[in-house]
Structure formats: C-alpha cells, structure tokens
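See structure below.
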Amino acid sequence: MLDIRFVRENMPIVREAMRNRRADESILEGIEKLEAERRRLIAETDELRNRRNTLSKEVGKRKAAGESGEALMAEVRGFGEKLSALESELADVETKVRDVLLMVPNIPHESVPVGADENDNVEIRRWGAPRDFSFEPKNHWDIGESLGILDFERAVKIAGARFALYKGLGARLERSILNFMLDVHTGEHGYTEIFPPIMVNSASMTGTGQLPKFREDLFKIENSDYFLIPTAEVPVTNIHRDEILDEKDLPVCYTAYTPCFRAEAGSHGKDTRGLIRQHQFNKVELVKFTTPESSCEEHEKLTANAEVILQRLGLPYRVIVLCTGDMGFSSAKTYDIEVWLPGQGRYREISSCSNFGDYQARRAGIRYRPEGKKKNELVHTLNGSGLAVGRTLVAILENYQQEDGSVIIPDALRSYMGTDRIAAG
RNA sequence: GGAGAGGUGGCCGAGUCGGCUGAAGGCAACGGUUUGCUAAACCGUCGUAGGGGUAACACCUUACCCAGGGUUCGAAUCCCUGCCUCUCCGCCA
C-alpha cells in the first residue's frame, strides 16, 4: 500500500506509474476529495471529542468538590449523537480511502524499463550455453513417464488436473533438490531456515498483497478464515507483521521450503501438460527485511543467491528485468530468472526476485528503529524463489537426458540422490 | 470436546467502589555525571498512530491498555460477542 500522504502530494507520479503498469487509473477517481473529506472529519471529531473530554473532567471535579454536575452532564449528553454521527461518517470515508489505496499498485523503481507487456522485458545477462543434442530432446513429461518417476494419470484420479505424482527416484529427486537448495542458502548464503504454517489467515494475505485483489488465485479453506499459501512469501514476510525490528539485526534473511497452492484462475489452456503449472508445487523461498538504503543491493544479492543454485546444477539460464507492464502488483522491481528447457526450446521462468520497497511493510506494519534517529521507519521487503523445485526438476530431466532415455544426475545432487543416473526399469 | 484462569507500553509487572492513569514500579535501551579501566552508583530521556502547527524543532489535539460492540457526562477499569494464551480432565496422532 502506498502512503496516503505520498499519494495526495504526488498524484501525477502515481497516475503515471499506473499508466506505465497498464493498471486501471479510474480507481483514483475522487480520491482527492475523499482524502480532503477525511481530514475535515478528523478535525471536526477531534474538536468535539476534546470539548466532551474537557467537560467530563469538569464534572468529575465538581463532584469531587461536592457540587452537582447535573447541568454539565445534561449539556454533554447532547454531544453523543452528533459525535457518533461524525464518527461513523469518518469511518466510512476512511474505509473508502483505504479501499482505493489497497487497489493501487506499487510505484516501479526508476531503474525499471517502461513497457507494455512481457515483450518489453529486458535481458540482463545469460549464464551457460544450451547443450547441443545429437538427438531430438524430449519434454520432461515424456521422460518422467517413461522412466516411471512421474505419473500424471494417477494424479488426475487422486486429485485432478494440474496435480502430479512423483514416484521412486522422481520423489527422491524432488526431495534432493529442495534439500540442496536449503543447504546452500543456509550454509553458504546466511539465510535462516523457516518452516512456516502453509495455511494462513486473511490478515496475512492482506499484509503481503494477495488480498483483497487476488482472491480468485487462492484456495480458501471452507468454514474458516484460512487460505492455502500461494508462496512462502506470505507466512515468512508476515513473521514480522506489526513489529519493530532493530536496525542492527538487519538485514533479516529467511529461507523456507513450502508447498505452494495456486488456483491458476484464468490460465486455462496454458501449460496443460507436465509440471510447469500445477495447483500444488514445491518452492524454496528467500525473504529479506532490509533498510531502504540497502534494499537495491540486497535485491542484487538475493538474485545472485538464486542464480548460484542453477550454476551448481549446470543449468543454463538468463536473467531479465520485468518492464512496468509485466511486474507484479506489489513489486517495485522484479528480476525473473529463466532456465533453458530443451524440450520446449526456450527459457522458462524458474525464479522471480522482487524488491517491494516499503509497500508490503506499510500494509503489514513492519518497521525498524534507525540507529541514532528517533522516528521508526518502514523496512523494505524482498523475496525471490530460490528456486521453484518442480521446475528445477523439469530442467534437470530435460537438460540431462540421454539418448537411451536415462537422465544423468548433476554432481551437486549425487550425494542427495545416492546415484548418478536415473534409468528405466 | 468439558471445567477454570487470563490477555496492560521492548520485556516484567501494578492498576483500589469507573474520573486528575498514556498508564505506578522494575528491567532493558539511550544521553550525561562520577571513575585510572571495568563494574557499580547517581541524574535525565525513554510507546505508537492520525490531524493541526513549524523552515525544521517546539507545541496543541485525538485515538490506542487483544479485537468489535454496549452502558455512562466520563471506561484499561462495568456488560456482551469474538479471537488468542495458559491450567486441569477427556480424546486422538
């Protein structure tokens, strides 16, 4: 959420940001009047309350002095109605202002390229070279099924479309990948491991920005206020909701493995086969809380931390910066890491690393005490996948497939797998 | 699931029969004095948010003692509902 004061004083900037994002500017209609009204009502109610409080104290004094406060009491009695009318009017206006603010996306960082859609994203760098195949590379679902390590048909029977069943070395590969990732991030990159609840309440979903705007993307548990998390970002960022952190503890860096659940509303027909787009998938997430001064630097580091995983696994990838039109709602700047998939002959997203600035922190009330200053300030929050586990498995199957149908296990995973190859039979 | 107890500032903890309590006291923290250094002692500061105000401070004011309602001239203090925590019993992994 943006600061109402910032919005009020910088309307042109806000409007331009929304235009650049292809967001619907019309929700800003009337916000200035509402905000002026809000402040007018605050002044009015405060004034009335002040008079009431003063007179009520006077009643107390008179009673203590043995006099009757009846006359005053009668006078103040009349305040009640006026006051509650004003209060409900104010509450109403405040809700309206807040509702608008919750629908306004973050302002893109100045370094973000302006663009309409994914075609305007800008590639920053590439690592590794796609391998030359002496045969026609297969896609991962064919590889997985013929090796007997992925079973999509039975997953449909058990749950439905967009679910997968991993079996034998397939299940083990998934587990190996996520353990490897966690070991690298905790052991080498200094992140603290978290294993959070994977169902959260609506306050947490609002804190990180999934609610109210993206409800249809979430799975909701019936007869409760619980939602299945779409990413560990939600529970992990909300660890410090409504807290004030010490500057000396910053940056706070967490990594968490969790299953993630997404309704994938509006993506009918996209990636219907294979593991790319599932209702349930595993992800290792990286989350940071930093000072405003260091958030850009920490963003680069976080992205680099995710890249290391691909490098260790020998998977070619590229990093792109999302343009204004393709960025997520709460993000100020996002790098996507895309891994090369020979089966598809193109790069596919495997990680998305975002700097949210103070946008989530304001919603979620996450602040810190700057050393030497009196005033608390909002932290900056960042997160990124480090990485999506299922898609990493896809990339390994496709990049390391052999002509005989077997798959070589990358060196980094062999100790986890207990084998160097997955072969049929 | 049954029966009790409770939710106060960064932490601990007091708040009498509702008024002068934004909240005693302690700890921690910060600034200072003292000290050969450390420790100790002493003095002071020390919640958050909104609005007004200021060049910026100062300052004024409102709200907040789990949340939401209610009673009252006036509520941390009384009543109701919800959420959460703890203890005991039962049950289950």
Side-chain angles (χ1 to χ4, degrees), chain A residues 1-9 31-102 195-207 211 220-221 223-227 235 238-250 252 289 358-379:
Chain A
M1 171 165 69
L2 297 176
D3 183 4
I4 180 61
R5 261 179 301 202
F6 177 84
V7 172
R8 170 216 295 170
E9 287 159 16
I31 182 70
E32 285 148 304
K33 269 197 200 107
L34 272 176
E35 169 60 5
E37 180 71 358
R38 183 181 76 91
R39 288 193 285 165
R40 204 209 84 217
L41 285 167
I42 285 172
E44 214 171 312
T45 48
D46 277 6
E47 167 63 20
L48 193 57
R49 281 199 275 236
N50 180 227
R51 276 169 60 204
R52 181 201 61 189
N53 291 348
T54 313
L55 292 177
S56 290
K57 276 182 190 167
E58 186 58 28
V59 171
K61 276 183 200 156
R62 291 200 189 171
K63 287 205 165 179
E67 302 169 28
S68 159
E70 198 41 58
L72 269 181
M73 281 160 66
E75 187 187 342
V76 180
R77 234 182 300 254
F79 285 25
E81 228 171 281
K82 210 189 302 174
L83 193 56
S84 60
L86 273 175
E87 278 170 348
S88 72
E89 204 179 335
L90 177 60
D92 188 49
V93 171
E94 277 179 335
T95 304
K96 280 183 182 153
V97 171
R98 186 177 165 80
D99 284 350
V100 171
L101 283 181
L102 285 175
F195 189 72
I198 60 177
M199 292 198 282
V200 301
N201 56 34
S202 53
S204 292
M205 284 294 186
T206 306
L211 291 179
K220 170 117 205 268
I221 308 294
N223 303 321
S224 75
D225 186 41
Y226 296 136
F227 295 82
N238 277 283
I239 287 173
H240 296 299
R241 173 153 50 89
D242 295 323
E243 290 187 11
I244 301 170
L245 305 171
D246 280 332
E247 178 166 13
K248 64 172 160 45
D249 295 331
L250 300 178
V252 171
F289 303 83
D358 63 14
Y359 190 89
Q360 286 183 332
R362 184 173 294 104
R363 279 186 174 224
I366 309 171
R367 288 164 297 171
Y368 76 104
R369 286 178 243 285
E371 276 167 36
K373 282 197 218 160
K374 204 176 169 190
K375 195 91 176 131
N376 295 325
E377 286 181 23
L378 295 165
V379 300

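Distance A/Arg49 CZ to B/rG52 P: 15 Å, rounded to the nearest Å. Between the CG atom of A/Asp249 and the C1' atom of B/rG10 there is a distance of 12 Å, given to the nearest Å. In this structure, CG of A/Leu48 is placed 11 Å from P of B/rU62, rounded to the nearest angstrom. Across the protein-nucleic acid pair, A/Lys61 atom NZ and B/rG19 atom P stand 15 Å apart, rounded to whole Å. Across the protein-nucleic acid pair, A/Glu44 atom CD and B/rU61 atom P stand 19 Å apart, rounded to whole Å. Rounded to whole Å, the distance from CD on A/Glu81 to P on B/rU72 is 13 Å. Look at CD on A/Glu243: it is 18 Å from P on B/rC66, rounded to the nearest Å. Spacing between atom CD of A/Glu87 and atom C1' of B/rA63 amounts to 10 Å, rounded to whole angstrom units.
Distance noted for atom P between B/rG22 and B/rU62: 11 Å (whole Å). When the C1' atom is used for both B/rU34 and B/rA56, the distance is 36 Å, rounded to whole Å. For the P atom pair drawn from B/rU54 and B/rG68, the interatomic distance equals 33 Å after rounding to whole Å. Taking the C1' atoms as reference points, B/rA24 lies 25 Å from B/rU61, given to the whole Å. Between B/rC27 and B/rA41, the two P atoms lie 9 Å apart (nearest whole Å). B/rG50 and B/rG36: their P atoms are spaced 48 Å apart (whole Å). Nucleotides B/rG13 and B/rA28 have their C1' atoms positioned 14 Å apart, rounded to a whole Å. Across B/rU35 and B/rU16, the matching P atoms stand 46 Å from one another, rounded to whole Å.
When Watson-Crick and G-U wobble pairs are counted only if both distances are under 3.5 Å, B/rC30 pairs with B/rG44. With a 3.5 Å ceiling on both atom-pair distances, B/rG9 lacks any Watson-Crick or G-U wobble partner. In a base pair of the Watson-Crick type (N1 to N3 plus N6-O4 or O6-N4) or a G-U wobble (N1-O2 and O6-N3), with each distance short of 3.5 Å, B/rA76 is matched with no nucleotide. Within the shown strands, nothing qualifies as a pairing partner of B/rU16 under the Watson-Crick or G-U definition with both distances less than 3.5 Å. Shown here, B/rG36 forms no base pair; nothing in the strands shown gives a Watson-Crick or G-U wobble contact with both key distances under 3.5 Å. Base pairing of B/rC92: no nucleotide in any strand meets the Watson-Crick or G-U wobble criterion (both distances under 3.5 Å). Shown here, B/rU71 forms no base pair; nothing in the strands shown gives a Watson-Crick or G-U wobble contact with both key distances under 3.5 Å. The partner of B/rC86, taking Watson-Crick or G-U wobble pairs whose two distances both stay under 3.5 Å, is B/rG4.
A salt bridge links A/Arg49 with A/Asp46; the closest basic N to acidic carboxylate O contact falls under 4.0 Å. Contact check on A/Arg40 versus A/Glu44 returns a salt bridge, with a Lys/Arg side-chain nitrogen under 4.0 Å from an Asp/Glu carboxylate oxygen. Using a 4.0 Å cut-off between charged nitrogen and carboxylate oxygen, A/Glu58 and A/Arg62 count as a salt-bridge pair.
Comparing A/Lys57 and A/Ile4 by the nucleotide of RNA chain B whose heavy atom lies nearest to each, the residue mapping closer to the 5' end is A/Lys57. Looking at which nucleotide of RNA chain B each of A/Arg77 and A/Asn50 is closest to, the 5′-most match is held by A/Asn50.
You'll find the side chain of A/Arg38 reaches within 4.5 Å of the side chain of A/Ile42, heavy atoms only. Inter-residue side-chain proximity for A/Phe227 and A/Ile221 is flagged as unmet; no heavy-atom pair is nearer than 4.5 Å. The closest side-chain heavy-atom distance from A/Arg39 to A/Arg8 is below 4.5 Å.
Taking only side-chain nitrogens and oxygens, A/Arg8 comes nearer than 4.0 Å to OP1 or OP2 of B/rG51. Phosphate contact (OP1/OP2 of B/rG19, side-chain N/O of A/Asn53, threshold under 4.0 Å): absent. Between A/Asn376 and B/rU48 there is a side-chain N or O to OP1 or OP2 distance below 4.0 Å. Side-chain nitrogen and oxygen atoms of A/Arg5 include at least one within less than 4.0 Å of the OP1 or OP2 phosphate oxygen of B/rG50.
Comparing B/rG50, B/rG51, B/rG19 by their nearest atom to the side chain of A/Arg39 picks out B/rG51. The nucleotide whose nearest atom lies closest to any side-chain atom of A/Arg52 is, among B/rU61, B/rG50, B/rG74, B/rG74. Of the candidates B/rG50, B/rC73, B/rU61, the closest approach to any side-chain atom of A/Asp46 belongs to B/rG50. Distances were taken from every side-chain heavy atom of A/Ala43 (C-beta onward) to each of B/rG51, B/rC73, B/rA63; the shortest belongs to B/rG51. Ranking B/rC73, B/rA63, B/rG51 by closeness to the A/Ser56 side chain, first place goes to B/rC73. Among the nucleotides B/rU62, B/rA63, B/rG19, the one closest to any side-chain atom of A/Val59 is B/rG19.
Between the CG atom of A/Leu72 and the NZ atom of A/Lys61 there is a distance of 11.5 Å, given to the nearest 0.5 Å.
Counting non-hydrogen atoms under 4.0 angstrom, A/Arg362 reaches nothing in the nucleic acid. Using a 4.0 Å heavy-atom distance criterion, A/Arg51 is classed as making no nucleic acid contact. Contact annotation for A/Arg367: backbone-only contact, meaning every heavy-atom pair under 4.0 Å involves sugar-phosphate atoms and none involves a base.
Listed for the A/Arg363 side chain is a donor-acceptor partner under 3.5 Å among the backbone atoms of A/Leu102.
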